[in-house]
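First the structure, in the form of C-alpha cells, and then the observations on it.
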Amino acid sequence: QQQVKQSPQSLIVQKGGISIINCAYENTAFDYFPWYQQFPGKGPALLIAIRPDVSEKKEGRFTISFNKSAKQFSLHIMDSQPGDSATYFCAASKETSGSRLTFGEGTQLTVNP
Amino acid sequence: DAGVIQSPRHEVTEMGQEVTLRCKPISGHNSLFWYRQTMMRGLELLIYFNNNVPIDDSGMPEDRFSAKMPNASFSTLKIQPSEPRDSAVYFCASRPTGGLYLWGNEQFFGPGTRLTVL
C-alpha cells in the first residue's frame with residue numbers, strides 16, 4: 001500500500017509541446033503529493049506540490065492535476081522548453097511531522113529544440 | 001544558507017573496503033534522510049532520523065550498512081565491507097519539522113555522493 005507508480009519511464013517532447021507525466025498511489029492515507037525535478041549530477045528539488053482538497057494547482061508552466069477518487073495525479077508542463085529536460089519524480093506522504101516520502105520510479109524528460 | 005552538504009562527492013573503492021559517507025543538514029532542520037539512487041531501483045529511502053533518532057531503517061539493505069546521527073549537524077552512512085552492487089549515488093536530504101514550517105513536507109537534497117565499488 002506504500003507504492004507510487006509513475007509513467008512513462010521516458011518521454012520525448014518537442015519544444016513548445018505539452019509534457020504529461022502520470023502517477024498512481026494506493027495508500028488512501030496519503031495527503032501530500034509533490035513533484036521533484038532532478039538535473040544530471042544534482043539532487044532532486046521540489047518543483048510543485050498539492051494537497052488532496054484541490055483538484056488542480058498551477059505554478060507558471062507547471063500544473064498538477066489531482067483525481068482523488070481514482071487515486072491518480074499528474075504533472076503537466078506547458079510550452080515545454082529544452083531547459084525542462086530532467087528526471088521528474090512524483091511522491092506521496094502523510095503530511096505529518098516526520099513522515100517519509102514515497103517516490104515514484106521517475107520519468108526522464110527530453111525536450112528537443 | 002549553503003544547503004545540504006555531502007562529502008565526498010565521488011568515491012572509488014575496492015570491494016571489501018569500508019566506505020563512510022558524510023552529510024551536514026541545513027541548520028535548523030530536524031529530519032534527515034539517506035537515499036540511494038540507481039538506474040535499476042530508482043530512488044530508495046535507506047533510513048531517516050527525526051531529532052537525531054533513527055525512525056525507520058527498513059530500507060537499509062543489510063547489516064553491512066549502518067547510519068548514525070551523533071548530533072543535529074552531522075550524519076554518516078557507513079558500508080562495511082563494500083561490494084560492487086553498492087555502486088550508486090547516495091543522497092542525503094533534510095527537512096524542517098513543525099515549528100516554523102507551515103505546510104508540506106519538502107525535503108532538501110544534497111548534491112549526492114557517487115560511489116563506485118570495483
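Residue numbers start from 1 in every chain, and the chains themselves are labelled A, B, ... in the order their sequence lines are given, proteins ahead of strands.
- A continuous path of ILVMFWY side-chain contacts below 4.5 Å connects A/Trp35 to A/Ile50, so both sit in one hydrophobic cluster.
- In the hydrophobic cluster analysis, where Ile, Leu, Val, Met, Phe, Trp and Tyr join through side-chain heavy atoms closer than 4.5 angstrom, A/Ile64 is grouped together with A/Leu47.
- Here the CZ atom belonging to A/Arg100 is positioned 11.5 Å from the CZ atom belonging to B/Arg95, to the nearest 0.5 angstrom.
- Cluster membership for B/Ile5 and B/Val19, using ILVMFWY side-chain heavy atoms within less than 4.5 angstrom, is not shared.
- For B/Tyr35, the part sitting under 4.5 Å from any heavy atom of chain A is the side chain, from C-beta outward, and nothing else.
- No other option in A/Gly104, A/Pro44, A/Ala45 has as many heavy-atom pairs under 4.5 Å with chain B as A/Pro44.
- Criterion: ILVMFWY side-chain heavy atoms under 4.5 Å apart, direct or through other members. Under it, B/Met60 and A/Leu101 are not part of a common hydrophobic cluster.
- For chain A, the nearby part of B/Gln37 is the side chain; its heavy atoms alone come within less than 4.5 Å.
- The environment of CG in B/Asp63 is sparse: at most 12 heavy-atom neighbours from other residues, nucleotides or ligands sit within 6.0 Å.
- Looking only at side-chain heavy atoms (C-beta outward), B/Phe91 and A/Lys42 stay at 4.5 Å or farther from each other.
- Heavy atoms closer than 4.5 Å to chain A are found in the side chain of B/Arg9, but not in its backbone.
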